[in-house]
Amino acid sequence: MTESKAMILGCSGLALTSEEKAFYRGERPWGFILFGRNISEARQITDLVAELRDSVGWHAPVLIDQEGGRVQRIRPPVLARYPSGQVLGDLYRRDRALGLRAAWLMSRLHAFDLSSLGIDVDCLPVLDVPVEGSSNVIGDRAYGADPETVIAMGRAAAEGLKAGGLLPVMKHMPGHGRGFADSHLELPVVTVSRDELELHDFPPFVAMKDELMAMTCHLVFTAIDPDNPATCSRKVIDGIIRKHIGFNGLLLSDDSSMNALSGTIGERAANIIAGGCDIVLHCNGNMDEMLDVVANVPPLAGVSLARAKAAEAGFAAPDTADEAELRAEFEAMFATV
């Protein structure tokens with residue numbers, strides 16, 4: 001098989017156009033990501049996932065952001081509505097064992113849901129640790145405002161996904177909790193010291209450094225690199241993510257079409273690769289933008305290819321848990337929520 005290119009792409013609608021099929025076949029993205037515009041009903045999702053994989057000729061990873069709360073791409077009536085990370089964290093603060101069980105259960109249920117549709121990667125857990133006054137872009141997606149809670153709940157969430165045969169993607173490395181602006185709209189700048197970042201923001205990622213996949217954040221950390229957002233920063237990726245945190249898995253950029261990044265889409269893609277990310281993520285399915293991405297992204301090679309292969313080999317067979325029993329247990333926890 002010809003090696004894939006270092007990118008994950010979206011698509012425009014509920015089914016692939018003939019142009020998209022030919023484009024993916026020729027350009028060979030390593031994987032795909034689905035958003036709300038790609039969701040109608042269960043059979044349609046299954047068919048779209050199969051079309052995506054058929055276009056590249058192999059069982060390419062298909063990702064989705066299925067967190068619960070505000071960020072849940074597949075919603076009722078197709079799939080159940082799930083609580084936010086903050087709701088799970090509130091339960092953990094009342095009863096630690098029950099909170100950890102809830103985090104594991106919800107991820108295990110996500111795995112039942114998503115695997116039934118052919119989706120095999122969930123962009124979860126959110127390991128950001130918000131501070132007072134930070135942008136609501138993270139907000140109630142976070143498990144808590146202290147690293148210890150986020151570590152415990154993040155681990156439980158990741159284990160639940162893996163028990164169901166899915167791979168988690170940690171986000172947003174090395175930490176979006178201090179973003180005082182929404183990086184979808186503008187570039188947040190973090191001015192605290194590196195010592196403070198090492199105490200508060202980085203620990204969840206250090207604790208979970210052995211996971212196979214992670215996503216960056218589009219934040220500037222002035223104490224590390226005042227000139228570039230983390231996604232495009234060699235100083236952040238090599239010095240913090242790879243060296244200090246110790247993460248050696250597959251590193252995805254956050255969405256390259258977000259307005260925190262500057263330049264054309266092609267320039268952004270080139271800067272993401274130059275900064276040290278393994279994979280450029282482009283989500284909106286806009287063909288003109290995707291053409292700019294592919295012109296600036298190389299085939300996967302070297303250590304990035306090795307990390308991609310490790311992720312591909314990391315999918316395990318699901319456990320033998322009974323879905324109905326787990327769903328009843330989970331629903332009982334939140335019967336009054």
Ignoring hydrogens and angles, tell me if any N or O in the side chain of [X] forms a donor-acceptor pair with the backbone of [Y] under 3.5 Å.
X: Gln66; Y: Arg73; answer: yes
X: Glu289; Y: Ser257; answer: no
X: Ser107; Y: Trp104; answer: no

> Step by step, would you call Glu20 with Ser12 a side-chain hydrogen bond (donor to acceptor under 3.5 Å, both in side chains)?
Replying inline: CA-CA 9 Å; Glu20 286 172 332; Ser12 62; 2.8 Å; yes
> With the threshold set at 4.0 Å, does a side-chain nitrogen-carboxylate oxygen contact exist between Glu3 and Arg28?
Replying inline: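 No, Glu3 and Arg28 are not salt-bridged.
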> Any salt bridge between Glu211 and Lys162, counting N to O under 4.0 Å?
Replying inline: yes
List in chain and number order the residues that pass side-chain hydrogen bond (donor to acceptor under 3.5 Å, both in side chains) with [X], two or more places apart in sequence or in another chain; answer none if no residue qualifies.
X: Ser84; answer: none
X: Glu312; answer: Trp30
X: Lys209; answer: none
X: Thr216; answer: Thr231

> Can you find a side-chain donor-acceptor pair between Asp122 and His110 that sits under 3.5 Å?
Replying inline: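 There is no such pair (donor and acceptor under 3.5 Å, judged by atom type) between the side chains of Asp122 and His110.
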>> For a quick check under 3.5 Å, do Asn228 and Ser233 share a side-chain donor-acceptor pair by atom type?
In response: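 The answer is no; no qualifying pair exists.
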>> Can you confirm if the NZ or CZ of Arg94 lies within 45° of the ring axis of Tyr92 and under 6.0 Å from the centre of its six-membered ring?
In response: no
> Roughly how far apart are Tyr82 OH and Phe334 CZ, rounded to 0.5 Å?
Replying inline: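 Atom-to-atom, Tyr82:OH and Phe334:CZ are 11.5 Å apart.
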> Residues in ring pair (Phe, Tyr, Trp, His ring centres under 6.0 Å) with His244, at least two apart?
Replying inline: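 Only Phe202 meet the ring pair (Phe, Tyr, Trp, His ring centres under 6.0 Å) criterion with His244.
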> Would Lys171 and Asp65 satisfy salt bridge (charged side-chain N to carboxylate O under 4.0 Å, His left out), going step by step from the backbone distance to the final call?
Replying inline: CA-CA 11 Å; Lys171 58 190 187 187; Asp65 295 288; 2.7 Å; yes
>> If we check side chain to side chain contact (heavy atoms under 4.5 Å, CB included) with Val293, which of these qualifies: Met7, Arg268, Glu27?
In response: Met7
>> Can you list, by chain and residue number, the hydrophobic cluster partners of Val220 when the side-chain cut-off is 4.5 Å?
In response: Leu187, Val189
> Where do His218 and Asp254 land on the side-chain hydrogen bond (donor to acceptor under 3.5 Å, both in side chains) test, with the steps shown first?
Replying inline: CA-CA 7 Å; His218 299 333; Asp254 203 347; 4.7 Å; no
> Tell me, do Met153 and Leu100 make a side-chain contact under 4.5 Å, heavy atoms counted?
Replying inline: yes
>> With heavy-atom distances below 4.5 Å as the criterion, would you say the side chains of His200 and Arg178 are in contact?
In response: yes
>> Testing the basics here: between Asp120 and Ala60, what is the closest heavy-atom pair and its distance to 0.1 Å?
In response: OD2-O, 4.4 Å
